[in-house]
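The sequence lines fix the lettering, A, B, ..., with proteins before strands; numbering per chain opens at 1.
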There are 2 protein chains.
Amino acid sequence: MASGCGSRPGWHGDSGKDAEHRFAASRRLFGVGEKAVIKPRSRRGGGRPTIADVARKAGVGAITVSRALREPERVSEDLRRQILAAVDELGYVPDPNARALASARAEVFGVLVPSLTNNVFAETVRGIYDSLSDSPFRIQLGNTHYSGLEEERLLQVFGPQRPAALIVAGIDQTPTSRRLLEAAGCPVVQVMETGPDPVDMMVGFSHFDGGRTAAEHMIEAGYRRIGFIGARMDPRSQRRLAGYRAAMEAAGLFDARLVTTTPVPSSVSLGRELFRGALAKMPMLDGVFCNNDDIALGVLFECHHASIAVPKTIGITGFNDLDMMQVAFPSVTSVRTPRYEIGRRSVAMALAAIAGERPEQRVVDLGFELKRRESTAR
Amino acid sequence: MASGCGSRPGWHGDSGKDAEHRFAASRRLFGVGEKAVIKPRSRRGGGRPTIADVARKAGVGAITVSRALREPERVSEDLRRQILAAVDELGYVPDPNARALASARAEVFGVLVPSLTNNVFAETVRGIYDSLSDSPFRIQLGNTHYSGLEEERLLQVFGPQRPAALIVAGIDQTPTSRRLLEAAGCPVVQVMETGPDPVDMMVGFSHFDGGRTAAEHMIEAGYRRIGFIGARMDPRSQRRLAGYRAAMEAAGLFDARLVTTTPVPSSVSLGRELFRGALAKMPMLDGVFCNNDDIALGVLFECHHASIAVPKTIGITGFNDLDMMQVAFPSVTSVRTPRYEIGRRSVAMALAAIAGERPEQRVVDLGFELKRRESTAR
DNA sequence: TAGCGTCATGGTAGCGCTACCATCTCTCGC
DNA sequence: GCGAGAGATGGTAGCGCTACCATGACGCTA
């Protein structure tokens, strides 16, 4: 531990009032690119090379350096080369904060999701991330915890930063959130779901249709007393439930007692528990449509524990189609959702909009796909 | 769609050269707080209230407003009230970019993880997020994709922003990354693992010990030909393998043919596949220690498919102890890791350091816990 | 050859905030 | 009663960059 101590002095707060120290640390930033040409700079700033240093070295005006970096085609070949050489030599990196202040636009994508651990959102964020990784844009993450109020708070925090774009999960923003999004002055993409009246753009699919398709499949497979098990019950879950209900009603099979829900966050163990409860309530259940795969897995495990035959005695359908569903025993039918693709597409649309090429289609429905597997193959 | 169209004109690039439009959109930012007092401001900036506006309204100097907001105790009760009233009335929100430029410090935590979808890191990020949610700090996320080079690139991007702190996963940074971290001029916390020679601070546990403990447990439970199955094999996995190997060697049970690894990213289906391969190679296998729970679940499913009795014929131990392990059938033994707590603790340490209260203990080992379950109860 | 648009380049003036230093007012000790 | 010290407040001068406008050089048309 002592070794670590010795090797990094200076930055920490306890010497916060001691400018000497801070500067010493900052100067080391060069290290990489340049051999610490310590010009006695003014008090602040810490001495990293600035655009003015590059301009001086290249023998041009600062603004030309700025242009060479941002709009190379507007600077003559000659100067460009000279400037880039100077940039290299000094190890110059533009200060994103100064840039943001001067241009009133930060190179940041604000991303708001209701959960970081829910695999569905994690995959969407990954899609966003991957699509942005070779752009100059950074990602700022916000976790709304499924709360409208928290979403408002986060938008209030994100707004003043003047992000280049905002990507938000869901289409059920509060009126205040909607207003904040409209006022953000940047492209906005609502993801995960499609619906009428986008704030700006939308990428997702119909959860209602997903739920209905799943239920219809089970009905078709011969199940009759098909339960619905859902946790958390965010707006998307509600719509899946509505789709299930529509299908069940159309077949004359709906019964409110078939539905088991809870606001508690979803998990495999909760799925098992809820299924137990559902079975106690309705012993003649012959199938379950689970609001997501975690629940479905919980149901499957409970069936194993209780020696209930799947798909014979009970059929199971999940939602999202996580990787494990296809290798489970028996493999589990699920509705495959394009969550990674949603992330990618949302970025593509936002980037197009930033570039001034507004996509014609403002609402993109990426659909879903029912994966029929053993768990409903009666 | 048309409705959405009509309701948000102006920001998009196709009218980028048309300042009129942009300003119109920006002005709307007030809307919420104030009834659009459109003072004919200078060309840039879009007209949101600034600290100068607040100062004027409150009849004080701008710097006093700044202080009232950042160090309230340094401003008299009276002025503070007046200022806060003015802030409220104008709907003033400080511009984080201007703040960052002026103070040479952004209120941003840079977070670097190797994967966004791996539940382990997702939970750590969640811990970080939760600990930061009522602080002024924002989170900027970086995904290294398990690549040292990508980590370097990201540090190069994060550095110029002058983040308030950096939290990076792992302790195996490249020399360049280490240099960049040391030069960042802010607290740095390496998370997930502990080891000698921290860049600054560390929070994690010993993966070697975790692997050894798991293997020892299986040996103790009576298993003899215990395989190791691992995917991805990042440095942490390597150390778990080393721990397993140490335990096996100590018991005189090690055999290189027991080890099955692949650089391919981990998943449940891959776990099933690898186990199949391992079994084909070593039919007399009587147990497996899985590098993580996904693999373990895949093994469990394969056992079901192939009608292999668990724990009788084969014992299974996982790593991380995801929620599902305790409800699986049979429930699966696993090494519980404090990933959420790691996130929380890392933030606590970084915040302390920022406040100048450097924690005495620079390396914090949060340990792990072996959860014995049915899958190894022979 | 004059006149005009186009292109490459540069100067100036901020963007909105905070560090630094100066000033002013009180309180206290002797 | 006076100087020292502490606390509250303010003015000034940037932070590093880019928007805007100006300038000069060039090529084109008439």
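Of the residues listed (Arg178(B), Gln190(B), Glu152(B)), the one engaging Gln173(B) in a side chain to side chain donor-acceptor pair (under 3.5 Å) is Gln190(B), and it is the only one.
Remark: Arg358(B) engages Asp200(B) in a salt bridge, criterion side-chain N to carboxylate O under 4.0 Å. One finds no salt bridge joining Glu182(A) and Arg179(A) here, because no Lys/Arg side-chain nitrogen approaches an Asp/Glu carboxylate oxygen to under 4.0 Å.
Straight-line distance from the CG atom of Asp53(B) to the C1' atom of dC15(C): 13 Å, rounded to whole Å. Between the CZ atom of Arg80(B) and the P atom of dA8(D) there is a distance of 9 Å, given to the nearest Å. When rounded to the nearest whole Å, the span between CD1 of Ile63(A) and P of dG14(C) equals 15 Å. Leu69(A) has its CG atom 13 Å from the C1' atom of dG16(D), to the nearest Å. The distance from atom CG of Asn97(A) to atom C1' of dC15(C) is 13 Å, rounded to the nearest whole Å. Between the CD1 atom of Ile51(A) and the P atom of dC15(D) there is a distance of 14 Å, rounded to whole Å. Between the P atom of dC7(C) and the CD atom of Glu71(A) lies a distance of 14 Å, rounded to the nearest Å. One atom, CD of Gln161(B), and another, C1' of dG16(D), lie 15 Å apart when rounded to the nearest Å.
Distances shown here put every side-chain N or O of Thr64(A) at or beyond 4.0 Å from the OP1 or OP2 atom of dT9(C). Checking the phosphate oxygens (OP1, OP2) of dG7(D), no side-chain nitrogen or oxygen of Arg74(B) falls inside 4.0 Å. Contact annotation: Arg48(B) does not reach the phosphate of dC17(C) (side-chain N/O to OP1 or OP2, under 4.0 Å). For Ser76(B) and dT9(D), the shortest distance from a side-chain N or O to OP1 or OP2 is below 4.0 Å. For Ser66(B) and dC17(C), the shortest distance from a side-chain N or O to OP1 or OP2 is not below 4.0 Å. For Ser103(B) and dC17(C), the shortest distance from a side-chain N or O to OP1 or OP2 is not below 4.0 Å.
Side-chain proximity of Arg70(A) to the nucleotides dA19(D), dA19(C), dC17(C) is greatest for dA19(D). Side-chain proximity of Asp95(B) to the nucleotides dT9(D), dG16(C), dC17(D) is greatest for dG16(C). Listed nucleotides dG16(C), dA19(D), dC17(D) differ in distance to Leu101(A); the shortest reach to its side chain belongs to dG16(C). Among the nucleotides dT18(D), dA19(C), dG14(D), the one closest to any side-chain atom of Ala102(B) is dG14(D).
Take Arg344(B) and apply the side chain to side chain donor-acceptor pair (under 3.5 Å) test, not counting sequence neighbours, and it matches Ser131(B), Tyr340(B). With sequence neighbours excluded, no residue forms a side chain to side chain donor-acceptor pair (under 3.5 Å) with Thr64(A).
You'll find a donor-acceptor pair under 3.5 Å spanning the side chain of Arg67(A) and the base of dG10(C), going by distance alone.
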